[in-house]
Number of protein chains: 2
Amino acid sequence: MDDISPIRAKSGTNQEGTSAHNRRVMIEALRLNGALSRADLARATQLTKQAVSNIIEDLESDGLVVALDAVRKGRGQPSTPYRLVPEGAFAIGLHIDRHLTRAVAVDLMGSVLARAEANLPFDEPSKGVEIILELIAGVRRDLAGISVQSEKRLVGLGVAMPGPFGLKDSDDKWMMPAWQKFPLLEALAKGTGLNVGLQNDAAACATAERIVGAAHGVDHAVCLYVGYGIGAGLILNGELYSGGHGNAGEIGMALLAPAGPGSTPLEHRASLASLYQHLDLNPADSDIYEQMNALVQAEDAKMMAWIDGAAHDLRWSVHLIETIFDPQTVILTSGAPEALARRLVEAMHPLLPSIADRPARMLPRLQLGTTDPWSIALGAAAAPISRAFDPLFSAILKTRSAPA
Amino acid sequence: MDDISPIRAKSGTNQEGTSAHNRRVMIEALRLNGALSRADLARATQLTKQAVSNIIEDLESDGLVVALDAVRKGRGQPSTPYRLVPEGAFAIGLHIDRHLTRAVAVDLMGSVLARAEANLPFDEPSKGVEIILELIAGVRRDLAGISVQSEKRLVGLGVAMPGPFGLKDSDDKWMMPAWQKFPLLEALAKGTGLNVGLQNDAAACATAERIVGAAHGVDHAVCLYVGYGIGAGLILNGELYSGGHGNAGEIGMALLAPAGPGSTPLEHRASLASLYQHLDLNPADSDIYEQMNALVQAEDAKMMAWIDGAAHDLRWSVHLIETIFDPQTVILTSGAPEALARRLVEAMHPLLPSIADRPARMLPRLQLGTTDPWSIALGAAAAPISRAFDPLFSAILKTRSAPA
DNA sequence: CTAATTAAGTCAAGCGAATTGACTTAATGC
DNA sequence: GCATTAAGTCAATTCGCTTGACTTAATTAG
């Protein structure tokens, strides 16, 4: 009756694992390269033409890929390129923020097919969950109107919300204490009947940049997300890294100096929360976005001062990230209006000299990512799709079957 | 003749990959658990008894595992445990530091079987390489005296030296400018005929902790190495992370504050180099180790002051690491005498409150790792063994065969 | 002391997915 | 019009894991 074996070991694999991996590799190759012929795929994946042919045939009959018109390109038989079918899979993404929640439905390619948003009561998760379930149901209905097969092809629900998760009880107003304690995932799984996964908002942002943005196909990238708080989404070795307890990248609590008066959490200086405070804005205002935009356009003195201050600390953050992670690029994204984010990035230049100042860079040290407020929900939705279709180590291994 | 295909894709796999993975999983399981029967292995790896039997038979005939006496444990046929054979594989590890180089020969279990050290000319890599090749040759001879099969079973040469690597030309005295430019790996590969791999000293230290130290079997750990410089070795998801260009964890260049007088690289405050400077010691002295030890034992005022200062900044570093990586534990290791390292860890307490203050911790937030000066060479030697025997994603994939 | 039970491990046939090598198809280039 | 080149298929093979029955050897119950 000892329920957990004390033996520690990785799981082995078999032909199912092989086959699953190869399918995923095909799908990823088509996602990254657009459309490829079987011969192209065989060369790219190191598999034989025959193996590729079999897999593609499978994927085609599963409705995940489709053949395009044959193309002639020099000698030899014309090749038939295949591309992914967007309607091959769908996922729901949910972004929960302090005062607002957004839900989207996306397809296999990461296109947003339906979206909806609603206000959230900051301190009443049980009421909030009802609102959220309603929101998700609405998005699912819209999706069903677009594709008849949507329900059958729905791979899961991805949730993104501000971290960190699983700490000691905390009443820090910067976090969402009531939500941290609520059994959210269970409630959502029960209410939707879907597989539910959770990540923090910065991680979702990084995932979004990875599928449709500046990090597309980049294996080592860090995505700084300046939202109500500030966090970093980590793409390491081509996969999202979430740490030992799902809290990796929660850089907002990093201290700006070892001690003394300058020893402030980054979040208190470079986040929209600090901006709201600095400018005496109310984050619950529905036109908060327009207010910020107007202040930036008008080059309001207090706004400019905040930008300079935040840029100062962000410049340091980028240096730190480069020093610690050695990424190919750093991407700054934000829930703020694009004009503000752009100003911020401009104010961060020139960047501090760092290890990233290398002779032959392919990508800029710092890029402006998307400022679309829906991108976090998009990234959240991408997580279940990635789990289902990307070539992951874990996808090769045999899964522990439930005991009798 | 386009030498590089523009198509980006991961490699596929086949039964060879499956089999290679399963072999590696068995070896890892035996390494982590000591000795296991076939039935144990089958349960732990999810493979069938039969599959395990075949693999174990293979491993046994390859001389990598050996059967122990059968043990009776309750009803049923007694089980026959198997354990790894240390002499199943060997590797050479090389630690290159500013003034000193060390070489070790280790076996599959990470035991050091031979060791040798020599002084290095700081600015003459070409002469240095001769010394190193001599050193390695000596260690190999010693190893051959212990095991006849050693040469046949030598899987590679792992090199550890201070990073960062591949930067713009730099004359920073803290680094090793002459060595950075020298084609070291090529020279060593040519001179030894072995596969050569390179990592920075902190990464090697983390690897050493992983196989024989505090990080044994831990999947998320950061190893702070206080040597001549300071660096962090990152164990993420059970594997060493080296970043986009092999420089991840080079935390020594992290700035202690965004700007102003406190904006100093960590390395200038918390590293043995800073200690030497503070105490006016000469790092090239052969009894430097004893000198430091004596000062600590005598509770020398300047030494204590340095410890307090360094501990202050290291406390901040640990907080930063916890915030960014969310590891299960942080391990402090050092090239300094154990008494000094122990004092340093004591002076770092109490740690700053952080995200790592969670209710149910399995491991301490901060642990003292090894201070054995040979551990970096050991970690360097572990790298080729890990590449050859650990279950890695990359080991499953088909390898791109060289074109005709 | 014997029989039932439990668990380790083997045997032999089966299966699934990639491989192999010959073959077909359909273009271009000379 | 023929040789060449490349995409893609066909059919047989291979290889490693799985399956299910079987053997071996211990403990426990009666």
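Since this is a predicted model, take the numbers as computed values, not measurements. Below, chains carry the letters A, B, ... as their sequence lines are ordered, and counting in each starts from 1.
- Contact annotation: side chain of B:Gln50 to base of C:dC11, donor-acceptor pair present below 3.5 Å.
- Per the geometry, OH belonging to A:Tyr82 stands 11 Å off C1' belonging to D:dA7, to the nearest Å.
- Side-chain contact check for A:Ser37 and A:Asp40: at least one donor-acceptor pair (N or O, by modelled atom type) lies under 3.5 Å.
- The distance between atom CG of A:Asp69 and atom P of C:dA26, rounded to the nearest whole Å, is 16 Å.
- For D:dG8, neither phosphate oxygen OP1 nor OP2 lies less than 4.0 angstrom from any side-chain nitrogen or oxygen of A:Ser53.
- At most 12 non-hydrogen atoms from other residues, nucleotides or ligands lie less than 6.0 angstrom from CD of B:Glu16.
- Between the side chain of B:Asn22 and the backbone N or O of A:Gly12, no donor-acceptor pair lies under 3.5 Å.
- For the pair A:Asn22 and C:dA18, the criterion of a side-chain N or O lying under 4.0 Å from OP1 or OP2 is met.
- Judged by distance alone with a 3.5 Å cut-off, no donor-acceptor contact links the side chain of B:Gln15 to the base of D:dC17.
- For B:Arg153 (side chain) and B:Gly88 (main-chain N/O), a donor-acceptor pair under 3.5 Å exists by modelled atom type.
- Atom C1' of nucleotide C:dA18 and atom CD1 of A:Ile56 are separated by 15 Å, given to the nearest angstrom.
- The ring pair (Phe, Tyr, Trp, His ring centres under 6.0 Å) contacts involving residues 6-62 of chain A comprise A:His21-B:Phe393, where partners must be two or more places apart or lie in separate chains.
- Other residues, nucleotides and ligands contribute only 12 or fewer heavy atoms inside 6.0 Å of the CZ atom of A:Arg72.
- When rounded to the nearest whole Å, the span between CG of A:Leu397 and P of D:dC17 equals 14 Å.
- Taking atom CD1 on A:Ile396 and atom C1' on C:dA17, their separation rounds to 14 Å, with Å as the unit.
- Residue A:Glu57 places its CD atom among 12 or fewer non-hydrogen atoms of other residues, nucleotides or ligands, all under 6.0 Å distant.
- Among the duplex regions that DNA chain D forms, those built from at least three successive Watson-Crick or G-U pairs under 3.5 Å are C:1-30 with D:1-30, ordered by first number.
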Practice item. Could you walk me through whether A:Ile235 and A:Val218 pass the side-chain contact (heavy atoms from CB on, under 4.5 Å) test, one step at a time? Key: CA-CA 8 Å; A:Ile235 307 281; A:Val218 178; over 6 Å; no
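- Counting heavy-atom neighbours within 6.0 Å of A:Glu151 CD, excluding the residue itself, gives a total above 12.
- Phosphate contact (OP1/OP2 of C:dT24, side-chain N/O of A:Lys49, threshold under 4.0 Å): absent.
- Distance B:Arg38 CZ to D:dC17 P: 14 Å, rounded to the nearest Å.
- Between the side chain of B:Arg83 and the backbone N or O of B:Leu30 there is no donor-acceptor pair closer than 3.5 Å.
- As a whole-Å value, the separation of B:Leu59 CG from D:dG16 C1' is 14 Å.
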Check your understanding: For every nucleotide of nucleotides 25-30 of chain D, 5' to 3': is a protein heavy atom under 4.0 Å from its base (B), only from its sugar-phosphate (S), or from neither (-)?
Key -> BBBS--
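- Side-chain nitrogen and oxygen atoms of A:Arg23 include none within less than 4.0 Å of the OP1 or OP2 phosphate oxygen of C:dA17.
- Residue A:Arg43 places no side-chain N or O under 4.0 Å from the OP1 or OP2 atom of D:dA6.
- With DNA chain D read from its 5' end, the first of the two nearest nucleotides for A:Thr80 and A:Asn14 is the one closest to A:Thr80.
- For B:Ser79, the listed nucleotide lying nearest its side chain is C:dA8; candidates were D:dA7, C:dA8, C:dT19.
- One interatomic measurement links the two molecules: CD1 of A:Ile55 to C1' of D:dT9, which rounds to 16 Å at whole-angstrom precision.
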